[in-house]
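Shown next, in structure tokens, is the structure this report addresses.
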Amino acid sequence: EQLVGRSFLEFITPVDLNRVKESFVRAVETGNPDEVVETQIVRPDGESVFVEVKPVPILEDGRVVGFRGILRDVTERKRSELALRKTHDLLMTVIDASPMGIAILDREGKTRLWSSAAERLFGWQKVEVLGRPLPTVPPDKRAEHRALLDRALAGETFVGIEVVRQKKDGSLTDISLWSVPLRDDQGSICSVVGIMVDITGRKQAEGRIRLQAAALEAAANGIIITDRNGTIMWANPAFTRLTGYTAEEAIGRNPRILRSGQHDQAFYHNLWETVLSGRAWQGEIVNRRKDGSLYTEEQTITPVLDERG
């Protein structure tokens, strides 16, 4: 009773009304059923539901005299689609906001996702990468890359492995790589997501530290490093040759183990006051070796400042 005598279009939400009208007009013009249109209708209780509408014209003597409308409720499916789209949009927002480069590769090794951070990291834009193999793999690393991809597609997860990759300008960069396999609705692995962090700066810093450590180890002069309280943290081989104490014996102890008794307390007070004020102390000092023998050395003590000075 609520429907008879009323136009079906009265129940269409305003946002979709013109689109549904166009579908009916095409059916009138052609005399044939039009394509299915997905729209919303408003029920008597005011709730909107999603339906698929297929207008089928009723003909008499070749003229359209009415319509038979075929409606199918697709509300649950549509709500699921909208929820998935909302989740997808949220994930894409997170991916684009991430400072780490993110890529997704399919089973053939073609790129299905390339984040904004990956663009900044390597220099290739999305349009240059999507649907193609990763351009970031240097020629001599392709076999390694394929082997890693195959392992990931077999279900293996990688955490922070170090690889060398190539930027668009041809320069090489050190990358820390995390990767996780992705599965489809059937539970089969269909692709792999990779998260990439540029560690070139860290690797260069590590190289400098190794070089400096090697130089300290090889130095002809005895060198120790202490904390602010004077506890020995490191000693080089020359220190052992000079004093007789091995690094293992010296670390954790105070340089007082070398005191000869030839200097008064004021001497050491002045020494530490100078160093703790941030200035280097330099002078001649008489120390005692592990075997008890005395020796005189020219000593320089230099304070090491942290980031706060």
Side-chain angles (χ1 to χ4, degrees), residues 78-213 306-309:
K78 189 66 177 178
R79 284 175 178 168
S80 296
E81 289 176 357
L82 291 173
L84 285 173
R85 186 178 303 156
K86 183 177 181 179
T87 301
H88 174 268
D89 291 344
L90 177 62
L91 287 174
M92 290 307 300
T93 299
V94 172
I95 288 172
D96 281 335
S98 171
M100 298 177 287
I102 301 175
I104 293 179
L105 305 182
D106 62 18
R107 297 193 67 88
E108 287 71 45
K110 294 181 179 178
T111 310
R112 297 305 176 194
L113 182 142
W114 188 247
S115 72
S116 299
E119 290 182 333
R120 295 190 296 271
L121 177 56
F122 294 105
W124 279 284
Q125 302 300 303
K126 289 183 178 68
V127 294
E128 300 175 286
V129 178
L130 293 180
R132 302 172 184 174
L134 277 179
T136 60
V137 182
D140 63 337
K141 299 294 183 182
R142 287 172 185 165
E144 172 202 72
H145 167 70
R146 185 68 237 188
L148 289 173
L149 180 60
D150 288 342
R151 288 166 61 186
L153 289 169
E156 192 170 346
T157 296
F158 299 111
V159 179
I161 63 171
E162 295 183 5
V163 296
V164 176
R165 291 296 177 257
Q166 181 174 280
K167 296 185 178 183
K168 189 175 181 179
D169 63 10
S171 62
L172 299 179
T173 183
D174 292 297
I175 296 295
S176 182
L177 174 66
W178 285 258
S179 71
V180 179
L182 299 178
R183 300 179 183 271
D184 58 21
D185 295 338
Q186 286 72 47
S188 300
I189 295 175
C190 58
S191 55
V192 175
V193 59
I195 301 174
M196 300 160 287
V197 177
D198 186 350
I199 58 171
T200 303
R202 192 195 81 191
K203 296 285 284 186
Q204 291 173 345
E206 289 174 351
R208 288 193 296 270
I209 291 172
R210 285 194 297 270
L211 182 62
Q212 292 165 357
D306 62 18
E307 63 277 3
R308 293 172 296 181

Enumerate donor-acceptor pairs with a distance under 3.5 Å from any side-chain N or O in residues 204-213 to protein atoms, sequence neighbours excluded.
from	atom 1	to	atom 2	distance (Å)
E206	OE2	R202	NE	3.2

**Prompt:** Side chains of Q166 and L172: closer than 4.5 Å at any heavy-atom pair?
**Reply:** yes
**Complete:** Separation between CD1 (I161) and CH2 (W178), nearest 0.5 Å, reads 10.0 Å
**Asked** Would I199 and E162 count as a side-chain contact (heavy atoms from CB on, under 4.5 Å) if you check the C-alpha gap in whole Å, the side-chain angles of each, and the deciding distance to 0.1 Å?
**Response** CA-CA 9 Å; I199 58 171; E162 295 183 5; 3.8 Å; yes
**Item:** Heavy-atom neighbours of K110 NZ exceed 12 at 6.0 Å
**Value:** no
**Prompt:** When you measure from the side chain of T111 to the backbone N and O of R132, does any donor-acceptor pair fall under 3.5 Å?
**Reply:** yes
**Prompt:** Which heavy atom of I189 sits nearest a heavy atom of R107, and at what distance?
**Reply:** O-NH1, 2.7 Å
**Asked** Looking at I175, D198, L134, which one forms a side chain to side chain contact (heavy atoms under 4.5 Å, CB included) with R165?
**Response** I175
N/O donor-acceptor pairs under 3.5 Å from side chains in residues 118-127, not counting sequence neighbours:
from	atom 1	to	atom 2	distance (Å)
E119	OE2	K126	N	2.9

**Item:** Over all atoms of both residues, closest heavy-atom pair of A152 and P181
**Value:** O-CB, 3.4 Å
**Message:** Let me confirm one number: the OG1-NZ distance from T173 to K167, rounded to the nearest 0.5 Å.
**Reply:** 5.0 Å
**Atom of A117, atom of S98 and distance for their closest heavy-atom approach** = CB-O, 3.3 Å
**Prompt:** Which atom names give the shortest non-hydrogen contact between V193 and I102, and what distance separates them?
**Reply:** CG2-CG2, 3.9 Å
**Asked** According to the salt bridge (charged side-chain N to carboxylate O under 4.0 Å, His left out) rule, which pairs have a member within residues 168-189, sequence neighbours left out?
**Response** E128-K168
**Prompt:** Are any of the side-chain heavy atoms of L148 and S179 separated by less than 4.5 Å?
**Reply:** no
**Message:** Would you say that C190 contacts D106 through its side chain, given a criterion of any heavy-atom pair below 4.5 Å between the two side chains?
**Reply:** no
**Fill in**
The reported gap from CG in L105 to OG in S191 (rounded to nearest 0.5 angstrom) is 8.5 Å
**Prompt:** So, for G194 and L177, which heavy atoms are closest and what is the spacing to 0.1 Å?
**Reply:** CA-CD1, 4.3 Å
**Item:** Distance in Å, E108 CD paired with L149 CG, rounded so as to fall on 0.5 Å steps
**Value:** 9.5 Å
